[in-house]
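Computed from a predicted model, the values in this text were never measured in an experiment. If you read the sequence from its start, that first residue is 1, and numbering goes on from there.
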Amino acid sequence: MGTDPEDGAAYDVVVEPGFYNQARFIVLGPDEVRCHRLIERVQEEARRFRCRCRRFAGAWQDDHEMEAEVAKIGWDDIVLAPETISDIRRTIAQFFEGREVFEKLRFPWRRGVLLVGPPGTGKTMVCKAAAATYPELPFLYVGDIGRRSCTAEIEQVFLHARQSAPCILAFEDMDGLVDQANRTVFLNELDGFRDNEGLLIIASSNHPERIDEAILKRPSRFDRVYHIGLPARAERIAYTRLLLERAPNLSPSLDVEALAEKVADVTEGFTPAFLKEAYLSAVLQLAHEGLWELDEAFGAAFLEQTDFLRRYLKKAKNPEAMADMLASSGAGENIGFRTR
């Protein structure tokens, strides 16, 4: 029993135990109108953001760590083919800045973007950069919906997104989130009779061949599909240059451009995650030997680590799975580290 500070009335709340945040409750008060008013205020308070970045893992939770991480990311941190990154940025900007165009055309103000490609190529970074570009909007991240056979979680995801709109709703590893048990509900929530006004959905997948064709090949669900492939030589040079130029202990004697080109020449088939691993392993190797400045010795160590990883990949039966392992393990703990 409690007293509402707004109207001074006393209310009793009875909660029925439930599972997976689906519990029901009963409110007893002076009259029906005031009970409904209290429930609406409580629901509004529950929807109010304490943190603009929220993560779903069976239930929505504020994620302050993600918010701090997103704040550090920008489009300049992502190295992709110029035409690809330019089109992605344009698609996202046109959505949030072109609401009037959608309304004049009488099209629903919603958009879906799907990023597909090998692990470690920058798909998650694109989501974070989009979130960083619009800091006034909620960023809702779904990496796991809990029990895939239970459709209530999917309904909960989309309900909260609609209540938070306009917002960015990100699904990571889409191929693992939707199966035959929840497929129909997901499709209905995505573009059925639901009002998804103001939702920009950005999904990613390492295995697009596993995605249901009803999701992949119908434009009203994911309007734009971008293939984020392995970086070409120019992108490998740019990414290596980015790593080197941001190093706090870079020696003036190190020829950054020459080293970036040498690294790019011997890293065909490397994802950005592999390039970062080679860089980090070289830094750790020198630190282990008591050397902190990134000079010519570092350049030699960097190339040595790329050679180590290249030979490691050749031995792997499934290089893509190996890239996945590196990207998900934090890259740099064991692979490529050498002690003397």
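To the nearest 0.5 Å, atoms CD (E296) and CG (D255) are separated by 9.0 Å. Rounded to the nearest 0.5 Å, atoms CD (E155) and CG (N188) are 9.5 Å apart. The distance from atom CZ of F274 to atom OG1 of T267, rounded to the nearest 0.5 Å, is 11.5 Å. Between F96 atom CZ and L200 atom CG the span is 4.5 Å, to the nearest 0.5 Å. Atom SG in C127 sits 11.5 Å away from atom CD1 in I73 (nearest 0.5 Å). Considering OH of Y239 and CG of L80, their distance stands at 11.0 Å, rounded to 0.5 Å.
No side-chain donor-acceptor contact under 3.5 Å links R236 to the backbone of L275. Within the 3.5 Å criterion, the main-chain N or O of L190 finds a donor-acceptor partner in the side chain of N196. Side chain of R111 to backbone of D223: no donor-acceptor contact under 3.5 angstrom is found. In this structure, K123 contributes its side chain and L114 its backbone to no donor-acceptor pair below 3.5 Å. Between the side chain of S86 and the backbone N or O of E83, no donor-acceptor pair lies under 3.5 Å. Listed for the N182 side chain is a donor-acceptor partner under 3.5 Å among the backbone atoms of D179.
Using a 4.5 Å cut-off between side-chain heavy atoms of Ile, Leu, Val, Met, Phe, Trp and Tyr, with links allowed through other members, L244 and V283 fall into the same hydrophobic cluster. Linking Ile, Leu, Val, Met, Phe, Trp and Tyr residues whenever their side-chain heavy atoms come within less than 4.5 Å leaves W292 and V256 in two separate clusters. Hydrophobic clustering (side-chain heavy atoms under 4.5 Å, transitive across Ile, Leu, Val, Met, Phe, Trp, Tyr) groups F302 together with L309. L243 and L230 fall into different hydrophobic clusters, where Ile, Leu, Val, Met, Phe, Trp and Tyr are joined by side-chain heavy atoms under 4.5 Å apart, directly or via other members. Hydrophobic cluster membership is shared by F222 and I211, with clusters built from Ile, Leu, Val, Met, Phe, Trp and Tyr side chains linked at under 4.5 angstrom.
Closest non-hydrogen pair, A203 versus M174, comes out as CB-CE, 3.6 Å. Across all non-hydrogen atoms, the minimal contact from I78 to A129 is CD1-CB, 3.7 Å. The two atoms that bring A264 and I237 nearest to each other are CB-CG1, 3.3 Å, heavy atoms only. What you find for R183 and V178 is that their closest heavy atoms are CA-CG1, 3.9 Å. Of all heavy-atom pairs spanning A297 and L286, the tightest one is C-CD1, 4.3 Å. Across C53 and V70, no two heavy atoms sit closer than the pair SG-CG2, 4.3 Å.
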**Study point:** Full working for side chain to side chain contact (heavy atoms under 4.5 Å, CB included) between D63 and Y141
**Key:** CA-CA 9 Å; D63 194 329; Y141 173 85; over 6 Å; no
Review point. Run the side chain to side chain contact (heavy atoms under 4.5 Å, CB included) check on H227 and V225 step by step: do they pass?
Key: CA-CA 7 Å; H227 293 267; V225 179; 4.2 Å; yes
**Study point:** Test log, rule side chain to side chain contact (heavy atoms under 4.5 Å, CB included), inputs R110 and D195
**Key:** CA-CA 9 Å; R110 64 188 186 198; D195 180 10; over 6 Å; no
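At a threshold of 4.0 Å, the pair K262-D265 does not count as salt-bridged, since none of the basic side-chain nitrogens sits closer than that to a carboxylate oxygen. Classification of R241 and E257 as a salt-bridged pair holds, one side-chain N sitting under 4.0 Å from a carboxylate O. Salt bridge status for D77 with R246: present, with a side-chain N to carboxylate O gap under 4.0 Å. Salt bridge status for D87 with R224: present, with a side-chain N to carboxylate O gap under 4.0 Å. Ion pair R162/E189 flagged as a salt bridge, since at least one NZ, NE, NH1 or NH2 atom sits closer than 4.0 Å to an Asp/Glu carboxylate oxygen.
Contact of the W75 side chain with the V126 side chain is registered, since non-hydrogen atoms from C-beta on lie closer than 4.5 Å. With a 4.5 Å cut-off on side-chain heavy atoms, F298 and L291 do not count as touching. Counting only heavy atoms from C-beta outward, the side chains of E293 and P252 approach each other to under 4.5 Å. Proximity of C167 to L199: side-chain heavy atoms (C-beta onward) are separated by under 4.5 Å at one or more points. Side-chain contact between F56 and H160 is absent, with no heavy atoms from C-beta onward closer than 4.5 Å. Side-chain contact between L140 and S164 is present, with at least one heavy-atom pair separated by less than 4.5 Å. Residues W60 and L159 are not in side-chain contact: their nearest non-hydrogen atoms beyond the backbone lie 4.5 Å or more apart.
Proximity of the aromatic rings of F158 and F186 is defined here by a centroid distance below 6.0 angstrom, and this criterion is met.
Aromatic ring orientation, F95 versus F102: perpendicular (interplanar angle above 60°, classes split at 30° and 60°). Ring geometry for F308 versus Y312: interplanar angle under 30°, hence parallel rather than tilted (30 to 60°).
Among pairs with a residue in residues 100-109, those fulfilling side chain to side chain donor-acceptor pair (under 3.5 Å) read R99-E103, at least two apart in sequence or across chains.
By the side chain to side chain donor-acceptor pair (under 3.5 Å) test, E261 is found to be paired with no residue, residues two or more places apart in sequence or in another chain being considered.
Judged by distance alone, the side chains of D295 and S253 never bring a donor and an acceptor atom under 3.5 Å apart.
For the side-chain hydrogen bond (donor to acceptor under 3.5 Å, both in side chains) with Q305, the lone residue among R310, Q285, E277 that qualifies is Q285.
Within a 6.0 Å sphere centred on CD of E197, other residues, nucleotides and ligands contribute more than 12 heavy atoms.
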